[in-house]
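Read through the structure below, which is laid out as structure tokens, and then see the notes.
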2 protein chains.
Amino acid sequence: MKTILLDFIAKYITLTEDEKNEIASLDIFRSVKKGTTLLKEGQKSKESYFILKGCIRTYYVVDSEEKTTAFYTEMEAFTPPCVINKTASEYYISCVEDSLITVSNADMELELNSRFPKFETMCRMLSEELLAKQRVDFDEFKTSSPEQRYLNLLQKRPDLIQRVPQHQLASYLGIKPQSLSRLRGRILEKIS
Amino acid sequence: MKTILLDFIAKYITLTEDEKNEIASLDIFRSVKKGTTLLKEGQKSKESYFILKGCIRTYYVVDSEEKTTAFYTEMEAFTPPCVINKTASEYYISCVEDSLITVSNADMELELNSRFPKFETMCRMLSEELLAKQRVDFDEFKTSSPEQRYLNLLQKRPDLIQRVPQHQLASYLGIKPQSLSRLRGRILEKIS
DNA sequence: ATAACTCGTTCACTTAAGTTAAGAAATACG
DNA sequence: CGTATTTCTTAACTTAAGTGAACGAGTTAT
């Protein structure tokens, strides 16, 4: 189970056995139930997350309506903007499914970064990679219609369409649930 | 002039005089004319950019139509996704105005990172910060209408509306130039 | 077991963006 | 200087998303 995290790290740097043991012995592994809220709007936080198993969602509440902006699943890591900016969170984080995650602390990372330059190298590489990936996602979103976005999602993350409620998917695609229903109907008609 | 870059770096780390001199003596400062294309679709590149003065635009060409996805202006840095992913570029980079920029190389950065841990710390902090900022931008884009996006841009980057052609702004906002014209008319009517 | 609620879908209607075309205004260029 | 080109706006029409309401299916609570 803890090997999932070590496998992830191995994509960026090579750890000694001692270092692996140190990582594995950290008290960062958490099991969270579906529906659990990990962070609320207005709260301050220093926590970063890595998903071993399950699905985590971030959403804003605008005019008492949820606006889902991201889903994180297996082998994905993220740090909320409020942790980087040291501001109160503008969004909520909650569990879509029973999940197994790691929860690490900014202070802990700071210490690891200064103790192990290797660790900082990994953080830099990971941030650069995520920045590039998110840039491409953003560009694709901007340059395509809701229907294209849905078809794109169907290609790239088909699992999401199965494991996530439609109304959350809709807002993730930037539209209303009714529009997603209609749009799916339209696509089915085209095929037949 | 080179102090602009040093001021930017100073936001993240503290350099010695020797280090400052070394940075200032690097052959990375370039003056580029309006309209110059820095990178084309299909090309490979290892170059990162920092804008001292001017404005740089990234755009895709889809069905022989330009889709502008970003503008970079004074004191902004960016590395194209193709450099990180080591793939051919999917977009173009071009100069909106006569600009003064730095062009650095991935190999050069790798060397600096290993010679000066401080430099890698800066890269990590910068990537983390840009990742958080871009996340917020993406979320705002997703959760708002074209009209809200325009008003938001008017607040956050009023200079862009002056210095960039409308049709490029429109595609940056995810709409057609005609829609931007109409939308601006609608806003003016509301005010009066 | 039934009532309350959530979720997804459908429908009719409204609103805004896309499309096509035309013309005015600004800019570039020979 | 005048012509060509690009840029911006306007208008009429089409298409798709937003809105409000209603319905059935499935779930939760009492």
Side-chain angles (χ1 to χ4, degrees), chain A residues 33-37 55 57 59-68 71 92 94-98 141-154 160-190 192, chain B residues 33-37 55 57 59 61-68 71 92 94-98 141-154 160-192:
Chain A
K33 284 272 164 219
K34 175 176 176 172
T36 308
T37 298
C55 181
R57 170 176 76 108
Y59 64 95
Y60 295 74
V61 174
V62 184
D63 301 333
S64 68
E65 197 185 354
E66 288 187 8
K67 304 265 191 178
T68 297
F71 295 104
Y92 295 78
S94 96
C95 291
V96 175
E97 307 169 345
D98 291 351
F141 191 93
K142 254 190 201 171
T143 60
S144 56
S145 66
E147 185 170 327
Q148 288 172 315
R149 277 175 222 153
Y150 177 77
L151 292 170
N152 192 32
L153 193 68
L154 211 53
L160 274 192
I161 288 153
Q162 303 306 320
R163 67 207 285 195
V164 162
Q166 296 293 312
H167 66 279
Q168 291 176 8
L169 264 189
S171 104
Y172 178 66
L173 294 170
I175 57 176
K176 302 287 165 190
Q178 296 93 319
S179 298
L180 178 54
S181 264
R182 182 167 39 195
L183 176 162
R184 296 176 70 191
R186 223 162 43 218
I187 291 171
L188 284 176
E189 273 202 5
K190 282 183 194 167
S192 61
Chain B
K33 284 271 163 220
K34 175 175 177 174
T36 309
T37 298
C55 182
R57 171 176 74 109
Y59 64 94
V61 174
V62 184
D63 301 334
S64 67
E65 196 184 356
E66 290 187 7
K67 303 264 191 179
T68 298
F71 295 103
Y92 295 79
S94 96
C95 291
V96 175
E97 308 168 347
D98 290 353
F141 191 94
K142 254 189 201 174
T143 60
S144 55
S145 66
E147 186 170 326
Q148 289 172 314
R149 277 174 223 153
Y150 177 77
L151 291 170
N152 191 31
L153 193 67
L154 211 52
L160 274 192
I161 288 153
Q162 303 306 321
R163 67 207 286 194
V164 162
Q166 297 293 312
H167 66 278
Q168 291 176 8
L169 265 188
S171 103
Y172 178 66
L173 293 170
I175 57 176
K176 302 288 166 191
Q178 297 92 319
S179 298
L180 178 54
S181 263
R182 181 165 40 194
L183 176 161
R184 295 176 72 192
R186 223 163 43 218
I187 291 171
L188 285 176
E189 274 203 4
K190 282 183 195 166
I191 296 168
S192 61

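Convention: sequence-line order gives letters A, B, ...; per-chain numbering from 1. Heavy atoms only: backbone and side chains are in, while hydrogens, waters and symmetry mates are out.
Side-chain N/O atoms of Arg182(B) and base N/O atoms of dG18(C) include a donor-acceptor pair closer than 3.5 Å.
Annotation: side chain of Pro177(B) is not in contact with side chain of Gln166(B) (no heavy-atom distance under 4.5 Å).
Because its NZ or CZ atom is both nearer than 6.0 Å to the ring centre of Phe141(A) and within 45° of the ring axis, Arg149(A) counts as a cation-pi partner of that residue.
Checking dT9(C), dC8(D), dA16(C) against the side-chain heavy atoms of Arg186(B) singles out dA16(C) as nearest. Each of dA16(D), dA21(C), dT19(D) was ranked by its minimum atom distance to the side chain of Gln178(A); first place goes to dT19(D). Of the candidates dT9(D), dG18(C), dG18(D), the closest approach to any side-chain atom of Gln166(B) belongs to dT9(D). Of the candidates dA28(C), dA17(C), dG8(C), the closest approach to any side-chain atom of Lys34(B) belongs to dA28(C). The listed nucleotides are dC8(D), dT9(C), dA16(D); the one nearest the side chain of His167(B) is dC8(D). Proximity note for Ser181(A) (side chain, C-beta onward) versus dT10(D), dA17(C), dT9(C): the nearest is dT9(C).
Between Lys176(B) and Glu65(B), at least one side-chain N (NZ, or NE/NH1/NH2) sits under 4.0 Å from a carboxylate O, which counts as a salt bridge.
Between the P atom of dC7(C) and the CG atom of Leu169(A) lies a distance of 13 Å, rounded to the nearest Å. Per the geometry, NZ belonging to Lys176(A) stands 14 Å off C1' belonging to dT15(C), to the nearest Å. Straight-line distance from the CD1 atom of Ile175(A) to the C1' atom of dA16(D): 10 Å, rounded to whole Å. The nearest whole Å value for the distance from the NZ atom in Lys33(B) to the P atom in dA28(C) is 13 Å. Protein atom CD of Gln148(B) is 17 Å distant from nucleotide atom P of dT15(C), rounded to whole Å. Between Glu147(A) atom CD and dT15(D) atom P the separation is 14 Å, expressed in whole Å. Leu183(B) places its CG atom 15 Å from the C1' atom of dT10(D), with the value rounded to the nearest Å. Atom CD of Gln168(B) is separated from atom C1' of dC8(D) by 13 Å (rounded to the nearest Å).
Residue Glu97(A) is tested with Arg163(A), Arg57(A), Lys33(A) for a salt bridge (charged side-chain N to carboxylate O under 4.0 Å, His left out); the sole match is Arg163(A). The side chain to side chain contact (heavy atoms under 4.5 Å, CB included) test with Pro146(A) singles out one residue from Leu180(A), Leu151(A), Leu183(A), and that residue is Leu183(A).
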